[in-house]
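In what follows, a single structure is set out as structure tokens and then discussed.
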Protein chains: 2
Amino acid sequence: MTLDAIPLEETHEETPKLGRKRDHTRDPDILDAALDVLAETGYDGMTMEMVAARAKAGKATLYRRWPSKGELVIDAVACMKRGDFDRDHLPDTGTLRGDLVAMIKPHAIEDGARKMRIMAGLMSMISRNPELAEVARAAIVEPRASANRILLQRAIDRGEISAHSDIDNLALLSQSMAIYRVLVLQKPVNRDFFIQLIDGVVLPAVGLGRPLPPVDGSNSAPDT
Amino acid sequence: MTLDAIPLEETHEETPKLGRKRDHTRDPDILDAALDVLAETGYDGMTMEMVAARAKAGKATLYRRWPSKGELVIDAVACMKRGDFDRDHLPDTGTLRGDLVAMIKPHAIEDGARKMRIMAGLMSMISRNPELAEVARAAIVEPRASANRILLQRAIDRGEISAHSDIDNLALLSQSMAIYRVLVLQKPVNRDFFIQLIDGVVLPAVGLGRPLPPVDGSNSAPDT
DNA sequence: TCTATGCGAAACTGAGTAGTTCCGGATCTT
DNA sequence: AAGATCCGGAACTACTCAGTTTCGCATAGA
């Protein structure tokens, strides 16, 4: 390989005239495989061979489509299926608590757990790759956060909670604490955890919840 | 390696007979260098040569003292100087808000930011190395969390807040949201952020500072 | 059927790094 | 000063992995 010139092909190639056309049918499988490996081993632990093996593809196929490992990961995160809740499919039960609880579906929890593992795998990269950071934010954290913001805003609009509630922080609360719990504390994030968060923190913070002053007699919790 | 806490005084063999005795004088420098590199590049990006260079030591010196990169990191995190607040040096201002605000010192913020960067660098490792996870929890997370728990419990004891407050989650709230903010959102975690968290979420959740109409930033004084 | 084309598999290259070894010099003890 | 020991630096080994190339096969259009 001493010479690098002499490109012998090169008429222009925009004509899929014969043979199978370039269809990129396998892309979704490869991207999904990349996300799986990412969740399991983290960015640095992930190798192109792992991704290829899991997608039952060849390494060459990966490089035909993406110029580098970094690009593949960015694409995988960016194309991640935005799960759960679009603006139009949010629960609307009439009460804030009803809406928040309705967001806790088994599928949503499971999906969220995978996203958190992916996020963990991206962590060290995110802090030094702005593009990846932006993509991860848009794909993983923003959908849920904005859903919560909408739910809270509705509660304000219908007069259920104070108009001065700290919506921005409250919308991020459950996600923040869930990530912290699963990544740092390594405890399970399940339905009970979210319910506890709603009833023990979010609703009280917004003027709805439990922690009533002990002077109240009606709520006779059998003391501590 | 023994993950038993605090190997301060070592019981290593008593043979300081001749020449310079094995003093391990450089250990703190090396461990601190390791933490710096960890915070900057993450576990996988960190190389033994970086650590050696920053500590102005030789790679051989590192391997004389620690058998592997993994052990060095675990030791570095375990020996991390527990900063800020011991049980005996907690603020005690008489009000929950006063105590919480008193926890926000410039030094504490700066120290916390470094710890978060270290935590980010450990993330992907933590999820598959239980020993590291335990050490990181004990060194980075637990001190602050237990300080918050104590402050909240005091407020309960003096009748300032409801005895049914969700202390466990509230104690983790500011940390969770700070980590999320700095690692995921990549926004600055400063004094204003913590104040907003206290006045906008924690105190309301506990029945104190209701969200006040005027948005004047000086204070949202809890009651009175 | 024939032929162009994309694909999976595997071999290969090159770079970077964990971990080792060796040596000259610095430092402490006697 | 002499002797023992540790240290920093540099060279070295062994291995892993990103990225490339090659090749035979499968498929789709003609």
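The sequence lines fix the lettering, A, B, ..., with proteins before strands; numbering per chain opens at 1. Keep in mind that what you see is a predicted model, and the values were worked out from it rather than measured.
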Side chain to side chain donor-acceptor pair (under 3.5 Å) involving A:Y180 - partner list, sequence neighbours excluded: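 Result, side chain to side chain donor-acceptor pair (under 3.5 Å) vs A:Y180: B:Q175.
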Sequence-distant partners of B:S127, side chain to side chain donor-acceptor pair (under 3.5 Å), two or more places apart: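 Partners of B:S127 by the side chain to side chain donor-acceptor pair (under 3.5 Å) criterion come out as none, since no residue qualifies.
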Salt bridge flag under 4.0 Å for residues B:D32 and B:R114: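 So B:D32 pairs with B:R114 through a salt bridge.
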B:I30 CD1 - D:dG8 C1' separation (whole Å):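 Distance check: B:I30 CD1 to D:dG8 C1' gives 11 Å.
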Distance, rounded to the nearest Å, where A:R26 contributes CZ and C:dT5 contributes P: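 After rounding, the gap between these two atoms is 22 Å.
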Phosphate contact (D:dC7 OP1 or OP2) by B:R65 side-chain N/O below 4.0 Å: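 So the side chain of B:R65 is outside the cut-off, no N or O lying under 4.0 Å from OP1 or OP2 of D:dC7.
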If you look only at pairs with a residue in [range], which of them pass as a side-chain hydrogen bond (donor to acceptor under 3.5 Å, both in side chains), with sequence neighbours excluded?
range: residues 39-51 of chain A; result: A:E40-A:R54
range: residues 188-198 of chain B; result: A:D166-B:Q196
range: residues 130-143 of chain A; result: A:E134-A:R137, A:E142-A:R149

Contact residues, residues 41-63 of chain A to DNA chain C [heavy atom, < 4.0 Å]: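 Heavy-atom cutoff 4.0 Å gives A:K56, A:A57, A:G58, A:A60, A:T61.
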hbond_proxy B:R64 side chain to D:dG8 base (donor-acceptor, 3.5 Å cutoff):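 By the distance-only test, yes, there is a pair.
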